[in-house]
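Here is the structure we will look at.
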Amino acid sequence: MVMTVAVFAAPEQTANSANQIRSVLQAQQDSWNRGDVDGFMNGYARSASTVFISEDTIRRGWQTVCDRYKQKYSNREKMGTLAFSDLEITLLSSDSAVASGRWRLKRANDQPHGRFTLILKRLPDGWRIVHDHTSAAPQKS
């Protein structure tokens with residue numbers, strides 16, 4: 001048995017959703033660059049089912065992800081300046097999407113970078129990340 005699912009959305013609806021998702025990520029970048037981890041976390045669904053995967057670890061729950069960011073990036077020096085680039089957004093349905101792209105931190109002594117894949121859902125408070133898989137490129141010595 002083969003099942004095919006097609007999503008048909010008006011082009012303006014698709015463009016509008018993509019722009020809303022870009023706005024969420026831009027707000028995250030702006031918050032990060034102000035040193036505002038709480039503002040950055042507004043891009044994630046405030047749910048126990050929110051998933052963040054990095055460093056060979058799966059973290060579940062908005063609060064767990066928030067705690068990890070606050071511990072790992074406990075000051076402006078560790079946070080550096082964040083830039084997202086090469087963003088690609090694919091609408092899966094009227095209320096779900098996948099976004100992928102690159103991230104880069106510019107800090108005094110290094111510039112860690114890598115890629116991310118996000119699953120976003122349209123929730124009552126707007127588009128939010130429900131699943132984040134972020135990887136870092138190997139550091140050059």
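These numbers come from the heavy atoms of this one structure, side chains and all, not from hydrogens, waters or symmetry mates.
- Residues passing the ring pair (Phe, Tyr, Trp, His ring centres under 6.0 Å) test with Phe84 are Phe116, sequence neighbours excluded.
- Heavy-atom minimum distance, Cys66 versus Asp38: SG-OD1, 4.1 Å.
- Other residues, nucleotides and ligands contribute more than 12 heavy atoms inside 6.0 Å of the CZ atom of Arg107.
- Here the NE2-OG distance, from His131 to Ser96, works out to 13.5 Å after rounding to the nearest 0.5 Å.
- The shortest distance between side-chain heavy atoms of Val98 and Thr117 falls below 4.5 Å.
- Closest approach of Asn33 and Gly80 over heavy atoms only: OD1-O, 4.1 Å.
- Residues Ala97 and Ile21 share a closest heavy-atom pair of CB-CD1, 3.5 Å.
- One distance of note links CD1 of Ile53 with OG of Ser135; it measures 11.0 Å at 0.5 Å rounding.
- At a threshold of 4.5 Å between non-hydrogen side-chain atoms, the residues Trp103 and Gln29 do not count as touching.
- Without hydrogens or angle criteria, Ser49 side chain to Ser47 main chain gives no donor-acceptor distance under 3.5 Å.
- In plain terms, the two heavy atoms of Ser17 and Arg122 that are nearest each other are OG-NH2, 2.9 Å.
- The aromatic rings of Tyr44 and Tyr69 are tilted relative to each other, their planes meeting at an angle between 30° and 60°.
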Exercise for review: Decide side chain to side chain contact (heavy atoms under 4.5 Å, CB included) for Arg104 and Gln111; before the verdict, give the C-alpha distance in whole Å, the side-chain angles of both, and the deciding distance to 0.1 Å.
Suggested key: CA-CA 7 Å; Arg104 176 177 297 277; Gln111 292 194 13; 3.5 Å; yes

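- In this structure, Arg128 and Asn42 approach most closely via the heavy-atom pair NE-O, 3.0 Å.
- Using a 4.5 Å heavy-atom threshold, the side chains of Leu105 and Trp32 count as touching.
- Closest of all the heavy-atom pairs between Trp127 and Leu120 is CZ3-O, 3.7 Å.
- Looking at Ser31 and Arg34, their side chains come closer than 4.5 Å, going by heavy atoms from C-beta outward.
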Exercise for review: Begin from the C-alpha positions of Arg68 and Ser54 and carry the test side chain to side chain contact (heavy atoms under 4.5 Å, CB included) through to its verdict.
Suggested key: CA-CA 11 Å; Arg68 180 249 184 212; Ser54 72; 3.4 Å; yes

Practice item. Start with the C-alpha gap between His133 and Val51, add the side-chain angles, then the distance that decides, and say whether side chain to side chain contact (heavy atoms under 4.5 Å, CB included) holds. Key: CA-CA 8 Å; His133 191 163; Val51 173; over 6 Å; no

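- If you take CZ on Arg46 and CG on Asp125, they are separated by 9.0 Å, rounding to the nearest 0.5 Å.
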Practice item. Go through the steps for Leu118 and Leu25 under the test side chain to side chain contact (heavy atoms under 4.5 Å, CB included), then give the verdict. Key: CA-CA 10 Å; Leu118 310 172; Leu25 298 178; 3.6 Å; yes

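- In this structure, the side chain of Asn75 engages the main chain of Glu77 through a donor-acceptor pair within 3.5 Å.
- Contact annotation: the side chain of Met79 approaches that of Val37 to within less than 4.5 Å [non-hydrogen atoms, C-beta and beyond].
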